[in-house]
**Q** 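Sharing a structure, written as structure tokens. Questions coming.
In what follows, every chain begins at residue 1, and chains take the letters A, B, ... in the order their sequences are listed. Worth knowing before you read on, the calculation uses all heavy atoms, side chains too, and leaves out hydrogens, waters and symmetry mates.
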Amino acid sequence: MPNKLATYHAKRNFRITSEPRGQAQRAQDELRFVVQRHDASKLHYDFRLELDGTLKSWAIPKGPSMNPADKRLAVQVEDHPISYADFEGIIPAHQYGAGKVEIWDSGIWEARGDAAQGYRDGKLKFHLYGDKLHGSWTLVRTRMAGGGNKQQWLLIKERDEAARSDSGIDEEADKPVGKLLKHAPSKPATLQGITITHPERVIDPASGLTKLDLAHYYDAVAPYLLPYLKNRPVYLLRSPGGLTGKAFFQRHAIRAAIPEIAILDPSVDPEHQPLLVINSAKALVSAAQMGTIELHTCNARADCMDKPDCMVFDLDPDPKLKWQRVVDGARLLREFLNELGLDSFVKTSGSKGLHVVVPLARRHTWETVTRCSEAVARHLAETFPRKFGIKMGEQNRVCKIYIDHLRNQKMASTVAPYSVRARQGLSVSTPLSWDELDDVTNSAMWNIQSLPARLKALKKDPWEAYGNTRQTISKAMLRKLDMKDAAP
DNA sequence: GCCCTTG
DNA sequence: CAAGGGCAACGCTTT
DNA sequence: AAAGCG
Ligand SMILES: [Mn+2]
Ligand SMILES: [Mn+2]
């Protein structure tokens, strides 16, 4: 007969530890169990059941729970000799399981059904008759193999029919009522061939707008939005739990892939996981399914990440500032850019301010564009010191507009045209024509509900010319900006 | 939302 | 099995 | 140096 305790013996030096050497016994009629509190490197409880001449053993990190709602992880460890059931003491330092062992409970156990069969099948039902533990229990083997290839089981207290019945009522009351009362999840919907789970989930309690509303929005604006996403790394602000849940930013592909979203060649950004690109309506809907609310884009496209194709000015007003002042500020910026010889496009940020975007030919370095944008912002702040500031921070823009030119750094990004904002009302960053700016009353004027109607009503795309506008930064411009040392 | 790790 | 963590990055400003 | 912010 192979030695059932071989592993147990191999792990221990019995000249040093006071644990029993023991040996496998003949199977008994009455079977013992023991629970030992083991204060080893990590405190845990060792749960042992006599079976077939040895103690089958599990380490239970949190110990057994009398609550039937709890399932306690039980990592199976090597069989121990039956005499171990009486062991208490200190396992010396540097020995296997070094630390204090005390008997926390012991008694006899009785399998319900065939014990050996249940053990082999990974479903062992039994009664315990101890001082602390009694009643019926189950040990179930899970599918997962734990670390070190140890089998993982769950120890679960079963509800007892008769004895614990006066307390049975309390137990009923303890049951996970909350779980049962949660409203039934809505049936998944399908859009663009993408399954939208929890379509009726309200993601913005203020407006009552749902996850399906969001997905529908991105589907509807796809023809307008996709040109600004095409072949451009996109960063996602995801908040699967809606506006009240916690959001996270995603820049790279992660293990949980988003179906239909493309990944760029790793050479674009060799240090990290591949960057993401959205090139289809399907991918937009898929992003919404995965809890994406905002889309942020880079100022460069994947095929030439060293040469930005636009310059962005993010106008962040002091929240107390009248909207008209923000509009005036954007116009001043536009006029100055115009004097330099640059056309620009304006959109709401969907939050408090406006974004002014200057499309560029891809011939300038990041350094040129970064410095040029800073020079433009600085010029305005120096010319209109009461209107503009370029110093970051709340206290530095009191009654002013902060011109955030830092959007033009290589690693920066800006919320994309037509992106939803993760704010009350689910507003949208809305491209505008300069002519209609006077009719706009605030940055969050359009949201996912109203924007499709705006698009339908428009005679033409306010940014129609954007795609054909490829401007260069000339020497003359740099001279006007006092950047004599810079190369275009 | 989903994967992976942890108890 | 259930619960919890991770899912970005940088420059700027203030402490 | 580190924390907070956009
Ligand atoms: Mn142990
Ligand atoms: Mn802004």
**Q** Does the A/Thr370 side chain pair with the main chain of A/Asn408, one donor and one acceptor, at a distance under 3.5 Å?
**A** yes
**Q** Enumerate all atom pairs, one protein N or O and one N or O from nucleotides 5-7 of chain C, separated by less than 3.5 Å.
**A**
none

**Q** Between A/Lys71 and A/Met290, which is nearer to the 5' end of DNA chain B once each is assigned its nearest nucleotide?
**A** A/Met290
**Q** For a quick test of reading the model: is some side-chain N or O of A/His296 closer than 4.0 Å to OP1 or OP2 of C/dA8?
**A** no
**Q** Checking side-chain polar atoms at under 3.5 Å, does A/Gln289 have a donor or acceptor matched by the opposite partner on A/Thr197?
**A** yes
**Q** Check every atom of D/dG6, C/dC12, B/dG1 against the side chain of A/Leu406 and return the nucleotide holding the closest atom.
**A** C/dC12
**Q** By nearest atom, which of the nucleotides C/dT14, B/dG1, C/dC10 is closest to the A/Met411 side chain?
**A** C/dC10
**Q** Rounded to whole Å, please give me the gap between CD in A/Glu374 and C1' in C/dG11.
**A** 11 Å
**Q** Examine C/dT14: is either OP1 or OP2 under 4.0 Å from a nitrogen or oxygen in the side chain of A/Asn396? Give yes or no.
**A** yes
**Q** Within the supplied structure, the quantity of interest is the number of heavy atoms (other residues, nucleotides, ligands) at a distance under 6.0 Å from A/Arg112 CZ; does it exceed 12?
**A** yes
**Q** Can you measure A/Tyr402 atom OH to C/dG11 atom P for me and round it to whole angstrom units?
**A** 13 Å
**Q** Quantified in whole Å, what is the C1' atom distance between nucleotide C/dA8 and nucleotide D/dG4?
**A** 16 Å
**Q** Using a 4.0 Å heavy-atom cut-off, does A/Pro240 contact any base of the nucleic acid, only the sugar-phosphate backbone, or nothing at all?
**A** base
**Q** Counting any heavy atom closer than 4.0 Å, what does A/Met392 reach on the DNA or RNA strands: base, sugar-phosphate only, or nothing?
**A** base
**Q** How far apart are the C-alpha atoms of A/Phe249 and A/His296, what are their side-chain angles, what is the distance that settles it, and do they pass the ring pair (Phe, Tyr, Trp, His ring centres under 6.0 Å) test?
**A** CA-CA 10 Å; A/Phe249 210 71; A/His296 294 243; 5.2 Å; yes
**Q** Just call it for A/His272: base, sugar-phosphate, or nothing, with non-hydrogen atoms closer than 4.0 Å on any strand.
**A** sugar-phosphate
**Q** Under 4.0 angstrom, heavy atoms only, what part of the nucleic acid is A/Lys391 near: base, sugar-phosphate, or nothing?
**A** sugar-phosphate
**Q** Would a 4.5 Å heavy-atom cut-off, applied to side chains only, mark A/Arg371 and A/His364 as touching?
**A** no
**Q** Ring-plane angle category for A/His272 and A/His252, please: parallel below 30°, perpendicular beyond 60°, tilted otherwise.
**A** parallel
**Q** Which part of the nucleic acid, if any, lies within contact of A/Asp316, taking any heavy atom under 4.0 Å across all strands shown: a base, the sugar-phosphate backbone alone, or nothing?
**A** sugar-phosphate
**Q** Are any of A/Arg201's side-chain N or O atoms less than 4.0 Å away from OP1 or OP2 of B/dG1?
**A** yes
**Q** When you measure from the side chain of A/Trp153 to the backbone N and O of A/Arg72, does any donor-acceptor pair fall under 3.5 Å?
**A** no
